[in-house]
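The figures here come from the full heavy-atom set of this structure, side chains too, leaving out hydrogens, waters and symmetry mates. Below, chains carry the letters A, B, ... as their sequence lines are ordered, and counting in each starts from 1.
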2 protein chains.
Amino acid sequence: MHRHRTPARRATSADVARLAGVSRTTVSFVLNDTPSQSISADTRRRVLDAAQELSYAPSAEARALGRGRSTSVLLYLPPAGSLTEDIGVIVERLSVLFSEAGLSMVIHAWTRRPAAQVWSSVTPAAVLAWDLADDDAERMRRSGVRGVVSWTGSDEMGRWITGPREHDIARMQVQRLVAAGHTHLGYAVTGGDHMHGVSQWRFEVLQRECAARGLSRPSALPLPADPRGAAEVLLRWREQHPGASGVCAHDTTAALAVLSGMRRLGWRAPADLAIVGVNDSPAAALADPPLTMVALDPEVTARHIVAVITALVRDEPAPSPPDTAGAFTVDRDSV
Amino acid sequence: MHRHRTPARRATSADVARLAGVSRTTVSFVLNDTPSQSISADTRRRVLDAAQELSYAPSAEARALGRGRSTSVLLYLPPAGSLTEDIGVIVERLSVLFSEAGLSMVIHAWTRRPAAQVWSSVTPAAVLAWDLADDDAERMRRSGVRGVVSWTGSDEMGRWITGPREHDIARMQVQRLVAAGHTHLGYAVTGGDHMHGVSQWRFEVLQRECAARGLSRPSALPLPADPRGAAEVLLRWREQHPGASGVCAHDTTAALAVLSGMRRLGWRAPADLAIVGVNDSPAAALADPPLTMVALDPEVTARHIVAVITALVRDEPAPSPPDTAGAFTVDRDSV
DNA sequence: CTGTTAGCGCGTTCAC
DNA sequence: GTGAACGCGCTAACAG
């Protein structure tokens, strides 16, 4: 194996041009397959070889500067603590799908008012935020950001992204519980922000789902994430809703909280209360009893997000959302 | 509230210069507080006001182009599925700490051989990778990347970052179990990559820790993440290691797997087997019995990573690592 | 057809 | 405090 003199600085198109004995313009033409230009096969080869030889990669900055827009997608992470496994998997997938689409993902922590400093410095091609105020979105669009999409937003995109997910979840949870004979349901959620944001939304979707099936209105069951507290809340809740026999849990933690409260009360799932959680995490499979869960295919969501954003970036019509978020039920013993 | 004419395109330093009636150079001097230049207080004000008025934010691309290095830190995410809550929290913190330090975090999915395409296009100021081959690291450094750090790497940085963490975990787990009278320990881990990478490393640290205390050599206990499988493995393991009475679990899932296997065998923690897990997740608090866990302060790790990287970027000597990763024990009922 | 020269985009920095 | 030039890739406009 023979080592070449490695350039101290990274190779630029000028280096490639020099080595290939052509102009920088030609290098650009060859490497971009510019349609309006034809280049002789011989020259093309020389340029390609030179690029290879120098392991040349065009500077994203210079390109962005020229085009007035970079190829980076600015992703504002969900609020602190919301980066749970399921979202983590989606983030992971997003990063590879975006890079396959020629975009790179820059992430920032979510703030209610994203600083112009940030999105304005990186001139992102698109911004994907957790929950974006309409005027912020408008401001971004005006300064050249093509795709502005919010995860839980009220804009069309936001609904595209979240709609199928939340709906699928509610539908499948209710379906599973109804199939087991439960018609009086509750919605369990843990966390300090009980019934805010996504939780509130999920609850509403759930209510609609129950209404559509002619079931009685589901009741909210906000639980603390400790066994003793969960037991107390659970007991009071049962007294207020004596008919309730099934619970749709917001996530794994909520399902586990219900389970642990029940254990303390001497109740047993599904006999005393049936549970369907969301997200097929290892903890759900290892619970006692193992939890029946509704899981979403993160790939479906990730692909749709990337599809929408790449379309926006390329100024193409946005693809219609998949009619399902790839939801499926993992049957275990809690229903 | 009075709205100004919003410029169609984002403001550039030329716009600010025009509005302030000075040259672009001056704008640059003022906004960067260039030490070698003195600017009159009056001019300074005018520039600052103009910048404010136009809500000017310098273009990161142009700056990177000029400086030959961007302010982005390229973070290669842990392998698929490893973006669990604990790492998620660190990633979250990293993103805010980096942005406070004037760096922006670009994330990419980890591949064993990070494509030059990626890191070479964004000319990152630093690269933080999961486990970086030495020659890749060298290649990056040679093309101008200042800070090249790997999470689990064998380089000094890698050991700085992981060292205290893994050591703290092992030390506190063993300490807790020894305090409860257990001297014959096991190391429980789940996942397909049993005893590879971090798991292997953690196991070795654990062995050293036990050796240092004069305990017998701990044995590996690789478990499947389902109750039945866990029970089988657990039973066999107990037969081979009749004296073992305590388990250090790699994470929450491993701890839950041990617990669920024990339940199926009719064993009870801590009487039949004591467990200390890692990461104080909600699932641990809600388990039956509630799990005693060793938790690390993600803030300590995140701060150290950012400190090291910003130092490298600024060509300053790297700070010495904190002697602890902020580990603490959350006592519950499994020991 | 094949390829070149000129100049833009934006912030920084070197001389004056 | 300023003009000029640089860093890098792209794209008109233009010459063999």
Side-chain angles (χ1 to χ4, degrees), chain A residues 7-48 50-51 54 56-71 102 117 120-123 143-144, chain B residues 7-48 50-51 54 56-72 102 117 120-123 125 143-144:
Chain A
R9 294 208 47 67
R10 49 180 305 230
T12 71
S13 85
D15 297 324
V16 177
R18 209 156 14 235
L19 183 57
V22 296
S23 71
R24 281 169 37 198
T25 310
T26 305
V27 173
S28 174
F29 285 154
V30 170
L31 265 38
N32 295 329
D33 270 321
T34 310
S36 59
Q37 270 292 330
S38 50
I39 302 287
S40 74
D42 178 52
T43 309
R44 169 177 236 86
R45 259 262 67 77
R46 291 216 314 282
V47 171
L48 257 21
L54 300 173
Y56 165 74
S59 148
E61 289 93 4
R63 186 174 270 165
L65 192 55
R67 288 214 215 281
R69 185 177 298 109
S70 76
T71 58
Q117 296 284 349
S120 166
S121 301
V122 299
T123 53
S143 43
Chain B
R9 293 212 44 69
R10 47 179 306 227
T12 72
S13 85
D15 297 326
V16 178
R18 210 156 15 235
L19 183 57
V22 295
S23 70
R24 281 166 43 201
T25 309
T26 307
V27 173
S28 174
F29 285 155
V30 171
L31 265 38
N32 294 328
D33 270 322
T34 309
S36 60
Q37 281 289 332
S38 48
I39 304 287
S40 76
D42 178 52
T43 308
R44 165 176 238 86
R45 259 266 65 77
R46 290 216 313 285
V47 170
L48 257 23
L54 299 174
Y56 165 73
S59 149
E61 288 94 3
R63 184 172 275 168
L65 193 55
R67 288 214 220 278
R69 193 180 348 271
S70 78
T71 59
S72 56
Q117 297 281 350
S120 164
S121 309
V122 299
T123 52
S143 46

message: Regarding A:Ser59, tell me which of base, sugar-phosphate or nothing describes its non-hydrogen contacts under 4.0 Å with the strands shown.
response: sugar-phosphate
task: Rounded to the nearest 0.5 Å, what's the gap from CZ on A:Arg18 to CZ on A:Arg24? Could you check?
output: 10.0 Å
- request: Carefully, step by step, assess A:Val47 and A:Leu19 under the rule side-chain contact (heavy atoms from CB on, under 4.5 Å).
  value: CA-CA 8 Å; A:Val47 171; A:Leu19 183 57; over 6 Å; no
message: Regarding B:Ser28 and B:Thr25, do their side chains bring together a donor and an acceptor under 3.5 Å, going by distance alone?
response: no
message: By the 4.0 Å heavy-atom rule, please label B:Ser40 as base, sugar-phosphate, or nothing.
response: sugar-phosphate
message: By the 4.0 Å heavy-atom rule, please label B:Thr12 as base, sugar-phosphate, or nothing.
response: sugar-phosphate
field: Atom pair distance, as rounded to whole Å: CG in A:Asp42 and P in C:dC1
entry: 18 Å
- request: Quick one: label A:Thr43 by what it contacts on the DNA or RNA (base, sugar-phosphate, nothing), any heavy atom closer than 4.0 Å.
  value: sugar-phosphate
field: Atom-pair distance (CG on B:Asn32; P on C:dG11), nearest Å
entry: 11 Å
field: Closest-nucleotide 5' rank along DNA chain C - winner of B:Leu65 and B:Gln37
entry: B:Leu65
task: Check if the side chain of B:Glu61 and the base of C:dG9 share a donor-acceptor pair of N or O atoms closer than 3.5 Å.
output: no
query: In terms of the nearest nucleotide of DNA chain D, which residue is placed more toward the 5' end: B:Arg63 or B:Val22?
result: B:Val22
message: Less than 4.5 Å apart, side chain to side chain, heavy atoms only: is that true for A:Arg10 and A:Ser59?
response: yes
statement: note: A:Leu31, atom CG; D:dT11, atom C1'; distance rounded to Å ~ 15 Å
- request: Give a yes or no on whether a donor-acceptor pair under 3.5 Å exists between the nucleobase atoms of D:dT11, that is its base, and the side chain of A:Thr25.
  value: yes
query: Checking only heavy atoms, does the side chain of B:Arg24 share a donor-acceptor pair with the base of D:dT2 at less than 3.5 Å?
result: no
message: Expressed as a whole number of angstroms, how long is the span from B:Phe29:CZ to C:dG11:P?
response: 15 Å
- request: Using atom CZ of B:Arg18 as one end and atom P of C:dG11 as the other, report the distance to the nearest whole Å.
  value: 11 Å
Most 5' of A:Arg67 and B:Ala41 on DNA chain D, judged by nearest nucleotide: B:Ala41
